[in-house]
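Everything on this sheet refers to the single structure shown next.
Just so you know, ligand 1 is whichever comes first in the structure, and atom 1 is the first atom listed for that ligand.
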Amino acid sequence: MQTAPAPVIVAIDGPSGTGKSSTSKAVAAKLGLRYLDTGAQYRALTWWMLSHGTDVDDPAAVAAAAGRPDIVSGTDPAAPTITADGADASGPIRTKEVTAAVSAVSAVPEVRERITALQRAIATEAPGGIVVEGRDIGTTVLPDADLKVFLTASPEARAARRSGELKGAEATDLAATRAALLQRDTADSSRKTSPLKKADDAVEVDTTDLTLEQVIECVVTLVEDKQQAR
Ligand SMILES: Nc1ncnc2c1ncn2[C@@H]1O[C@H](COP(=O)(O)OP(=O)(O)OP(=O)(O)O)[C@@H](O)[C@H]1O
Ligand SMILES: Nc1ccn([C@H]2C[C@H](O)[C@@H](COP(=O)(O)O)O2)c(=O)n1
């Protein structure tokens, strides 16, 4: 009788716009794994705080509200979902207001403690394995992951990619897009608790001159190599 392969845990980290979400979703779909977007969890909590009058610039107020909403992530890579107290947060979490506030909210230790516990529970319960993407997955959330990947890309490439997703005047303002993502990288890398950082044992993939399909293929091969080596 054949035994089912042991679940595989894949951690994908990197700065904003390096392709973590697109790559992770596609890799999970190809390999039959679950998928968790941890940035969406921090964004959903930020959205809930903004909608409930929490002063997101006051770490004490953020800490006090950190445990209040129920944040639930659906982990099907073909249709990931995110809700806060039952409300669909998938649209509102992509607004400029949430993007501008999420680094401050996610820097608060009580927020990280709560969201990290959620992430670990989801990863442990994933049947067959999971691809988890974020900033501190390989270093803090899942330090025993079977494979850790750290995606990078030049600021110019990342700004051009992000610009392609925006509409109207925002889409053409490459310099402003570049400045905003570098500002978020600086905040995420310099916070005290669990900053954005490459794990020592992560494989770094520079995606600047790679197509999305090439990056996906590269990560699928890395996962398959790990599975075969077990
Ligand atoms: N290698 C690539 N070549 C060209 N475009 C890409 C590549 N990888 C991703 N993209 C595009 O860049 C944009 C940003 O990608 P994605 O959202 O996956 O990045 P991310 O690292 O998850 O960003 P964030 O951390 O801000 O959520 C998307 O429009 C995506 O289609
Ligand atoms: N593991 C994580 C994931 C995300 N964050 C914070 C920092 C990001 O700026 C923000 C939004 O993430 P994105 O949707 O752009 O991937 O959430 C974090 O601190 N740790």
Side-chain angles (χ1 to χ4, degrees), residues 11-28 35-47 56 62 71 73 77 80 82 89-90 92-109 111-120 122-123 131-142 145 148-167 171 177-178 180-197 199 205-219:
I12 302 198
D13 291 299
S16 178
T18 50
K20 299 182 300 297
S21 301
S22 327
T23 304
S24 302
K25 248 185 283 188
V27 169
Y35 160 70
L36 178 62
D37 176 354
T38 63
Q41 296 175 307
Y42 288 104
R43 285 172 179 270
L45 188 54
T46 303
W47 171 61
V56 293
V62 169
I71 305 291
S73 303
I82 181 84
S90 54
I93 62 170
R94 303 295 163 195
T95 57
K96 271 202 303 195
E97 292 70 23
V98 170
T99 300
V102 65
S103 289
V105 169
S106 63
V108 173
V111 166
R112 300 210 72 80
E113 201 178 317
R114 194 211 162 186
I115 299 290
T116 297
L118 264 181
Q119 293 160 355
R120 288 183 179 144
I122 292 169
V131 182
V132 183
E133 54 114 341
R135 302 290 191 288
D136 62 337
I137 310 305
T139 54
T140 304
V141 179
L142 301 167
K148 299 177 188 179
V149 176
F150 194 81
L151 298 183
T152 63
S154 71
E156 290 67 30
R158 296 192 281 138
R161 291 172 190 174
R162 274 275 166 257
S163 240
E165 293 173 338
L166 300 171
K167 294 187 181 70
T177 305
R178 182 181 185 277
L181 63 84
L182 288 181
Q183 192 180 14
R184 195 143 61 91
D185 287 353
T186 303
D188 295 341
S189 315
S190 61
R191 66 172 175 241
K192 279 207 178 99
T193 313
S194 205
L196 160 66
K197 191 174 176 292
V205 180
D206 183 347
T207 72
T208 306
D209 297 317
L210 300 179
T211 64
L212 178 55
E213 288 64 34
Q214 287 172 322
V215 182
I216 294 164
E217 222 25 71
C218 168
V219 177

So which protein heavy atom does atom 25 (O) of ligand 1 come closest to, and at what separation?
K20 NZ, 2.7 Å
So, do E97 and W47 sit near enough that their side-chain heavy atoms are less than 4.5 Å apart?
no
What's the spacing between T139 OG1 and K148 NZ if we round to 0.5 Å?
7.5 Å
So do C218 and L210 actually touch side chain to side chain, heavy atoms under 4.5 Å?
no
Would you indicate whether the side-chain heavy atoms of D37 and K25 approach each other to under 4.5 Å?
no
I'd like to know whether CD of E113 has more than 12 heavy-atom contacts from other residues, nucleotides or ligands below 6.0 angstrom.
no
Taking only heavy atoms of R184, which atoms of ligand 1 are found under 4.0 Å from at least one of them?
26 (O)
Excluding sequence neighbours, so at least two apart, what forms salt bridge (Lys or Arg N to Asp or Glu O under 4.0 Å) with K20?
none
How does L181 reach ligand 1, if at all, at less than 4.0 Å between non-hydrogen atoms: by side chain, backbone, both, or neither?
neither
Side chains of L45 and V111: closer than 4.5 Å at any heavy-atom pair?
yes
Against heavy atoms of L210, which atoms of ligand 1 measure under 4.0 Å?
1 (N), 2 (C), 3 (N)
Tell me whether the count of non-hydrogen atoms from other residues, nucleotides or ligands lying under 6.0 Å of CD in E156 goes above 12.
yes
Polar-atom distance check: R135 versus ligand 1, any N or O pair below 3.5 Å?
yes
Within the 4.0 Å heavy-atom sphere of ligand 2, strictly under, residues:
T38, G39, Y42, R43, R94, V102, S103, S106, R112, G134, R135, D136, I137, R184, D188, R191
Indicate yes or no: at least one non-hydrogen side-chain atom of S106 is less than 4.5 angstrom from one of R135.
no
Is R94 in polar range of ligand 1, meaning some N or O pair under 3.5 Å apart?
no
Beyond-backbone contact of Q41 with I82, side-chain heavy atoms, under 4.5 angstrom:
yes
Who's the nearest protein heavy-atom neighbour of atom 12 (O) of ligand 1, and how far?
R161 CB, 3.2 Å
Could you check whether any side-chain heavy atom of L151 comes within less than 4.5 Å of a side-chain heavy atom of E133, counting everything from C-beta outward?
no
Nearest neighbour in protein (non-hydrogen) for atom 31 (O) of ligand 1
S22 OG, 3.9 Å
Return yes when G17 approaches ligand 1 closer than 4.0 angstrom through a heavy atom, no otherwise.
yes
Have a look at F150 and tell me which of L196, T18, V205 forms a side-chain contact (heavy atoms from CB on, under 4.5 Å) with it.
L196
What part of P15 sits under 4.0 Å from ligand 1 if we count only heavy atoms: the side chain, the backbone, both or neither?
backbone
Report the part of T18 in contact with ligand 1, treating N, CA, C, O as backbone and CB onward as side chain, heavy atoms under 4.0 Å; options are side chain, backbone, both, neither.
both
Would you check if D185 and R158 make a side-chain contact, meaning some heavy-atom pair closer than 4.5 Å?
yes
Can you pull out the closest protein heavy atom to atom 29 (O) of ligand 1? Residue, atom name and distance to 0.1 Å, please.
E165 OE2, 2.7 Å
With respect to atom 27 (O) of ligand 1, which of Q214, E213, K25, R162 exhibits the smallest heavy-atom separation?
R162
Going by distance only, is there an N or O of G19 that falls short of 3.5 Å from an N or O of ligand 1?
yes
